[in-house]
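See below for the structure under consideration.
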Amino acid sequence: MSHSLRITAPATVSNVGPGFDLMGFALDEPNDILQVKRNNLNSIRIINESEANIPIDPAKNVSSVAIQSLLNKFQIKDGFDLIFEKKINPGSGIGSSASSCTAAVFGVNKLLGDLETKENLIEHALAGEFIASGSLHADNIAPAMLGGFILIRSYDPIDIVKLAYPKNLVCTLVHPDLIIKTTESRKLIPNNISLQTSISQSGNIAALVAGLNTNDYALIGRSLNDYIAEPHRSKYIPGYSILKKRLKDCGVLGMNISGSGPSVFALSDNLETAKKAALVMKETFIEKDIQSTSYISGISELGTRVLD
Ligand code: HSE
């Protein structure tokens, strides 16, 4: 049996417009890398070989908490080193903590001889995500683990649906050089919404699923609106409203905030438009004196996996 594995897990776009805490998809890139190694210490040790700012204390590290949930379930006392080569920056809105959690539980589960199915590992990864965001949301964890475009129908019990989607959908993702913590970003959203908001939001979620399922690009575009998080969070992304208008003019299907931000994403039905959108995003952030990193990516079916 192997003593050490290098695991990779994809970045993810969660919420996807109207699907607050309910929808997410996995990107072809960027991908996180984590090495998981048995140790003789009967405890979890964190080794950070990246420039990302992550807690070294196992009680505060999302991956370690996720692993502990798996070990507790099977009353296992074995120790593991987690060696981080993070490529997804924390606080970027593309599922950094989720990829750390899925990579960790997937790797340890493999070293233990596959005690859990990939689907069942989600509940352990969620225990880690909880300490990053203060809430149990699986819209980054589920696509990071399983790949594809995911809908979470229910949290209690957890019920995850893999959605069909047009295979030529291209995502433009731009990460402005700002950090927004999910815990802080969630505090911006009111706990209650009106009946009218609930009706408008439900209409968009249902129509987005229908559009994805039938390759109806115009319907996908019309449905990428969000009445719950976007009005409150967009104020913290400089240039957001002008960006939205410019992206519409350049022909994307729709755009929104990726997860809790500050990254933004746009969906297009062709690569040329996706590339134009990346330029528009970059230039709009430069006008606000903000540098950014962009990715143009398909939706990845791969999920979390062994790298080598
Ligand atoms: N659904 C979560 C939120 C995703 O919007 O707070 C966090 O990345």
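Model, not experiment: these values are computed from the prediction. The figures that follow rest on heavy atoms only: side chains count, while hydrogens, waters and symmetry mates do not. Whatever order the structure lists ligands and atoms in, that order sets their numbers, starting from 1.
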Should N61 and F84 be marked as a side-chain contact (heavy atoms from CB on, under 4.5 Å) after you check the CA-CA gap, both sets of side-chain angles, and the distance that decides it?
CA-CA 11 Å; N61 182 285; F84 286 86; 3.8 Å; yes
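The ligand atoms of ligand 1 that sit less than 4.0 angstrom from a heavy atom of S14 are 4 (C), 8 (O). Distances below 4.0 Å separate heavy atoms of N15 from the following atoms of ligand 1: 1 (N), 2 (C), 3 (C), 5 (O). Near D21, meaning under 4.0 Å from one of its heavy atoms, ligand 1 places the atoms 1 (N), 2 (C), 3 (C). Counting the atoms of ligand 1 from 1 in the order shown, those under 4.0 Å from a heavy atom of T182 are 6 (O), 7 (C). In the vicinity of R186, heavy-atom distances shorter than 4.0 Å reach the ligand 1 atoms 1 (N), 2 (C), 3 (C), 6 (O). If you number the atoms of ligand 1 from 1 as listed, the ones under 4.0 Å from a heavy atom of N140 come out as 4 (C), 7 (C), 8 (O).
Taking the charged nitrogens against the carboxylate oxygens, D249 and K276 have no contact shorter than 4.0 Å, which rules out a salt bridge. Taking 4.0 Å as the cut-off between side-chain N and carboxylate O, E49 and K86 do not count as a salt-bridged pair.
A cation-pi arrangement, defined by a distance under 6.0 Å to the six-membered ring centre and an angle within 45 degrees of its axis, is absent between K282 and F285.
For the pair N89 (side chain) and S92 (backbone), a donor-acceptor distance under 3.5 Å is absent.
Between F265 and F25, the ring planes are perpendicular. Angles over 60° get that label, and only those under 30° would be called parallel.
Hydrophobic cluster of I296: the remaining members, joined at side-chain heavy-atom separations below 4.5 Å, are V170, L271, listed by chain and number.
Residue-level proximity to ligand 1 for R233 is carried by the side chain, the only part with a heavy atom below 4.0 angstrom.
For atom 7 (C) of ligand 1, the closest heavy atom belonging to the protein is H137 CE1, 3.5 Å.
Not a single heavy atom of A229 sits closer than 4.0 Å to an atom of ligand 1.
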